[in-house]
Q: 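So that we are looking at the same thing, I have put the structure below in structure tokens.
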Amino acid sequence: MIKVCKFGGTSMASGMTFRRVKEILSGDPSRRYAVVSAPGKRYGGETKMTDLLYAAHACLKKTGSCGAPFEKIRTRFQGVSDELDLGKSLDVDALLDETEQEIARRNSEAFTVSRGEYLAAKLMAAYWGAPFLDAADLIVFGEDGALDGETTDQRIASALGERERAVIPGFYGADKEGNVVCFPRGGSDISGAIVARAVCADLYENWTDVSGFLVCDPRIVENPAQIGRLTYRELRGLSYMGASVLHVETLFPVREAGIPICIKNTFRPSDPGTMIVKSRRTEEGSAITGIAGKKGYTAVAVEKTLMSGGLGDVRRMLEILEKNGIPFEHMPSGIDAVLFLIESGYLGGGKREKVVREIEAAVSPDRIRVLPGLALVAAVGQGMRGNVGVSARIFEAVARTGVNVKFIDLGSLGQDLIFGVDEGDFERTIRAVYEEFFIR
Ligand code: ASP
């Protein structure tokens, strides 16, 4: 059994959290490979290590030295080393001096900002007593800037095949010339998924500071239920609608390989967490797995007699949106009517008037209305597909609170039902659906 464990920034924030991580790793011999983030915040208002490194790089460009930001970086790593009494196994001052010189010599933003993960992994390896393996030697990017998955898999499989345990920094790799290349922010999740796939792990554990996914946002519903198991498809639905623990796009490597992921809480390790799996039996859960939503939408509603069954009108309107760089999120339609749901931010700076004028010229509608201030609410869950009456229950619950539903979009796969309400009704709509399905 092989588990690859990724630890996020809050798990790497201080000597105390390093201790927890070591306990977690040592508590299960199948937890063989750790992929770590850079130290995050110890308290609200503190700056994350990666942000300090961006500041150090800006300072280097301006003044020729990493200056005050690097002094803060130095103090934080020295603090972790002192707390853990690492002096005997690691000369942290020499490591920091060397890192500062190398940052100045390379003068590359990607190299500089990757040093948070690099240093955290060096310290964790010394503390856990496992080898450090540099991600720059394992994760390979091609000339086009995209990950070279095949070479990466080979390098990781051969390096880790020989080792019982290892610590690997997340967030970066290197191109074929050895120049460091970073993933997007938050990218250590991707590194962990790549390592898990390359070693054919049985489980990818993603350790963070929450005990997995909740059915809905705890800022809206007090103490909502935990989601025990969800599929990748459901995860996509929930993250698309704003649930932010983990984004499905970062997990493609493990998804492809069918490796399950478990979201675990470093600060409550015995909580079961949330398992993300390829498929699950619907009886295991409620008809709905999660409820999510987002405010800040505008609907552009176009009506034209005989548009239904006609040819080309919708294509012309979509082309207008595309030419103006405006993505649409949903497009519910009715008889001789279609609604484009757009994030309101895309319609600023005169775009809204421009789009309306262009649609009028292109399709001569009978009526075109722009309705701002909408929120989208999504009930997500594969259980909706086979259960009769789920949407009836949703809308009955919403109706009981006196909220008016503005439009409905039932995803064709029947795994998510999305509907729109006024922004002012958003919170009570989510609460109503939650209570209907989870408080009984
Ligand atoms: N340290 C990087 C960031 O802050 C990557 C990560 O933590 O996943 O974005």
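The residues of the chain are indexed from 1 along the displayed sequence.
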Q: Which pair of non-hydrogen atoms, one from S188 and one from K6, has the smallest distance, and what is that distance?
A: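 Heavy atoms only, the tightest pair is CB-CE, 3.6 Å.
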Q: Using the ring pair (Phe, Tyr, Trp, His ring centres under 6.0 Å) criterion, which residues pair with F183? Sequence neighbours excluded.
A: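 For F183, the residues satisfying ring pair (Phe, Tyr, Trp, His ring centres under 6.0 Å) (neighbours in sequence not counted) are F141.
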Q: As a test of understanding, state which of K278, Q382, Q415 forms a side chain to side chain contact (heavy atoms under 4.5 Å, CB included) with R233.
A: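 That would be Q415; it is the only one of K278, Q382, Q415 passing the side chain to side chain contact (heavy atoms under 4.5 Å, CB included) with R233.
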Q: Indicate yes or no: does E360 engage R357 in a salt bridge with an N to O separation below 4.0 Å.
A: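 R357 and E360: not salt-bridged.
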Q: Give the minimum heavy-atom separation between V80 and G15, together with the two atoms involved.
A: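 Closest approach of V80 to G15, heavy atoms only: CG2-N, 4.1 Å.
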Q: Can you list the steps and then say if K295 with E427 is a salt bridge (Lys or Arg N to Asp or Glu O under 4.0 Å)?
A: CA-CA 10 Å; K295 290 185 182 179; E427 282 82 5; 3.1 Å; yes
Q: If the threshold is 4.0 Å, N to carboxylate O, is there a salt bridge linking D313 and K304?
A: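 Yes, this pair counts.
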Q: Hey, does the side chain of Y33 reach the backbone of L160 with a donor-acceptor pair shorter than 3.5 angstrom?
A: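 Indeed, once roles are kept as given, a pair shorter than 3.5 Å links the two residues.
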Q: Tell me whether the count of non-hydrogen atoms from other residues, nucleotides or ligands lying under 6.0 Å of NZ in K323 goes above 12.
A: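 Yes.
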Q: Salt bridge or not between E319 and R316? Use side-chain N to carboxylate O under 4.0 Å.
A: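 The answer is no: the pair does not qualify as a salt bridge.
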Q: Using a 3.5 Å distance criterion without hydrogens, assess whether the side chain of N324 forms a donor-acceptor pair with backbone atoms of I320.
A: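 Yes: the side chain of N324 pairs with the backbone of I320.
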Q: Counting N and O atoms only, with roles assigned by atom type, does the side chain of T274 sit under 3.5 Å from a partner on the main chain of F213, one being a donor and the other an acceptor?
A: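 It does hold such a pair.
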Q: Quick one: do the Y172 and D134 side chains pair a donor with an acceptor below 3.5 Å?
A: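 The answer is yes; a qualifying pair exists.
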Q: Quick one: does N265's side chain have a donor or acceptor within less than 3.5 Å of a partner on F267's backbone?
A: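 Present.
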Q: Evaluate the side-chain proximity of I156 to V199: yes if any heavy-atom separation is below 4.5 Å, no if none is.
A: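 Yes; the side chains approach each other to less than 4.5 Å.
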Q: Have T305 and D366 got a donor and an acceptor in their side chains that come within less than 3.5 Å?
A: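 Yes, side-chain donor-acceptor contact under 3.5 Å.
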Q: Just by distance, with hydrogens left out, do R280 and T289 show a side-chain donor and acceptor under 3.5 Å apart?
A: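 Checked: R280/T289 side chains pair up, N/O donor to acceptor below 3.5 Å.
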Q: Answer yes or no on whether R115 is positioned over the face of F111, meaning its NZ or CZ is under 6.0 Å from the six-membered ring centre and within 45° of the axis.
A: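 Yes, R115 sits over the ring of F111.
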Q: Pair E256, R197 - check salt bridge (Lys or Arg N to Asp or Glu O under 4.0 Å), show working.
A: CA-CA 9 Å; E256 267 170 22; R197 180 187 59 190; 3.6 Å; yes
Q: Could you walk me through whether M12 and M124 satisfy the side chain to side chain contact (heavy atoms under 4.5 Å, CB included) test, starting with their C-alpha distance in whole Å, then the side-chain angles of each, then the deciding distance to 0.1 Å, before giving a yes or no?
A: CA-CA 9 Å; M12 304 305 296; M124 194 63 228; 4.1 Å; yes
Q: Judged by atom type as modelled, is there a donor-acceptor pair below 3.5 Å linking the side chain of T208 to the main-chain atoms of G8?
A: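 No; zero donor-acceptor contacts below 3.5 Å.
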Q: Of all heavy-atom pairs between G178 and R106, which one has the smallest distance, and what is that distance?
A: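 Here G178 and R106 meet closest at O-NH1, 3.5 Å.
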Q: Are there more than 12 heavy atoms of other residues, nucleotides or ligands under 6.0 Å from atom OH of Y346?
A: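 Not more than 12 within 6.0 Å, no.
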Q: What are the two closest non-hydrogen atoms of G170 and E117, and how far apart are they?
A: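 Taking G170 first and E117 second, the nearest heavy atoms are O-CG, 3.1 Å.
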Q: Do the side-chain N and O atoms of K264 and N206 include a donor-acceptor pair separated by under 3.5 angstrom?
A: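 Distance-only check fails for K264 and N206.
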Q: Do N404 and D422 get their side chains close enough for a donor-acceptor pair, meaning under 3.5 Å?
A: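 Side chains of N404 and D422: no pair found under 3.5 Å.
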Q: Does one side chain, of Q226 or D271, offer a donor that lies under 3.5 Å from an acceptor on the other?
A: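 Absent: no donor and acceptor within the cut-off.
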Q: Please report, to 0.1 Å, the donor-acceptor pairs under 3.5 Å made by any side chain of residues 389-401, with sequence neighbours excluded.
A:
residue	atom	partner	partner atom	Å
R393	NE	E436	OE2	2.8
R393	NH2	E436	O	3.2
R400	NH2	E436	OE1	2.9
T401	OG1	V398	O	2.7

Q: Would you say that more than 12 heavy atoms from the other residues, nucleotides or ligands in this model lie under 6.0 Å from the CZ of R268, or not?
A: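 No, not enclosed.
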Q: With a 4.5 Å cut-off on side-chain heavy atoms, are I291 and V380 touching?
A: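 Contact flag for V380/I291 side chains = no.
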Q: What I want to check is whether the side chains of D209 and T10 have a donor and an acceptor closer together than 3.5 Å.
A: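 Judged by distance alone, the side chains do pair up.
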Q: Please answer whether the main-chain N or O of G296 pairs with a side-chain N or O of E423 as donor and acceptor at a distance below 3.5 Å.
A: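 Checked: pair present.
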Q: Taking atom CD1 of I335 as the centre, report whether more than 12 heavy atoms of other residues, nucleotides or ligands fall under 6.0 Å from it.
A: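 Not buried by this count: 12 neighbours or fewer within 6.0 Å.
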Q: Just wondering, are more than 12 heavy atoms of other shown residues or ligands nearer than 6.0 Å to CD in Q154?
A: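 Enclosed.
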Q: State whether R19 and E23 are salt-bridged, where the test is any N-O pair (Lys NZ or Arg NE/NH1/NH2 against Asp/Glu carboxylate O) under 4.0 Å.
A: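 Not counted as a salt bridge, because no side-chain N and carboxylate O are separated by less than 4.0 Å.
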Q: Would you call R31-E205 a salt bridge at under 4.0 Å N-O?
A: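 Looking at R31 and E205, the cut-off is met.
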Q: Taking the side chain as every heavy atom from C-beta outward, state whether C262 and L203 have any atom pair closer than 4.5 Å.
A: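 Yes, their side chains come closer than 4.5 Å.
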Q: Minimum heavy-atom separation for G116 to P39, with atom names?
A: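 Scanning both residues, the minimum pair turns out to be O-CD, 3.9 Å.
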Q: Without swapping roles, check the side chain of Y434 against the backbone of A225 for a donor-acceptor pair under 3.5 Å.
A: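 Yes, the answer is positive, given that a donor and an acceptor are paired below the 3.5 Å cut-off.
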Q: Assess whether a salt bridge exists between E303 and R367, defined as any Lys/Arg side-chain N lying under 4.0 Å from an Asp/Glu carboxylate O.
A: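 R367 and E303: salt-bridged.
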Q: Using a strict cut-off of less than 4.0 Å between a Lys/Arg side-chain nitrogen and an Asp/Glu carboxylate oxygen, indicate whether D51 and K72 qualify as a salt bridge.
A: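 No, this pair does not count.
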Q: Considering only heavy atoms from C-beta outward, does the side chain of F407 approach that of L341 to under 4.5 Å?
A: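 With C-beta onward as the side chain, the pair touches.
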Q: With a 4.0 Å cut-off, would you call K294 and E343 a salt bridge?
A: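 No, this pair does not count.
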Q: Is a side-chain donor-acceptor pair under 3.5 Å present for S11 with T17?
A: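 The criterion, which ignores hydrogens and geometry beyond distance, is not satisfied for S11 and T17.
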Q: Please test V140 against R155 for side chain to side chain contact (heavy atoms under 4.5 Å, CB included), starting from the C-alpha separation and ending with a verdict.
A: CA-CA 9 Å; V140 187; R155 289 207 190 169; 3.6 Å; yes
Q: Quick one: does D336's side chain have a donor or acceptor within less than 3.5 Å of a partner on M307's backbone?
A: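 Yes.
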Q: Check the pair Y204, K3 against side chain to side chain contact (heavy atoms under 4.5 Å, CB included), reporting the backbone distance first and the verdict last.
A: CA-CA 6 Å; Y204 173 32; K3 291 182 187 165; over 6 Å; no
Q: Compare every heavy atom of I359 with every heavy atom of M317, then report the nearest pair and how far apart it is.
A: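 The answer is SD-CG2, 3.7 Å.
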Q: Classify the angle between the aromatic ring planes of W207 and F7 as parallel (below 30°), tilted (30 to 60°) or perpendicular (above 60°).
A: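 If you compare the ring of W207 with that of F7, the planes turn out parallel.
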Q: Treating E100 as the side-chain partner and L96 as the backbone partner, does any N or O pair qualify as donor plus acceptor under 3.5 Å?
A: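 Looks like no, no N/O pair under 3.5 Å.
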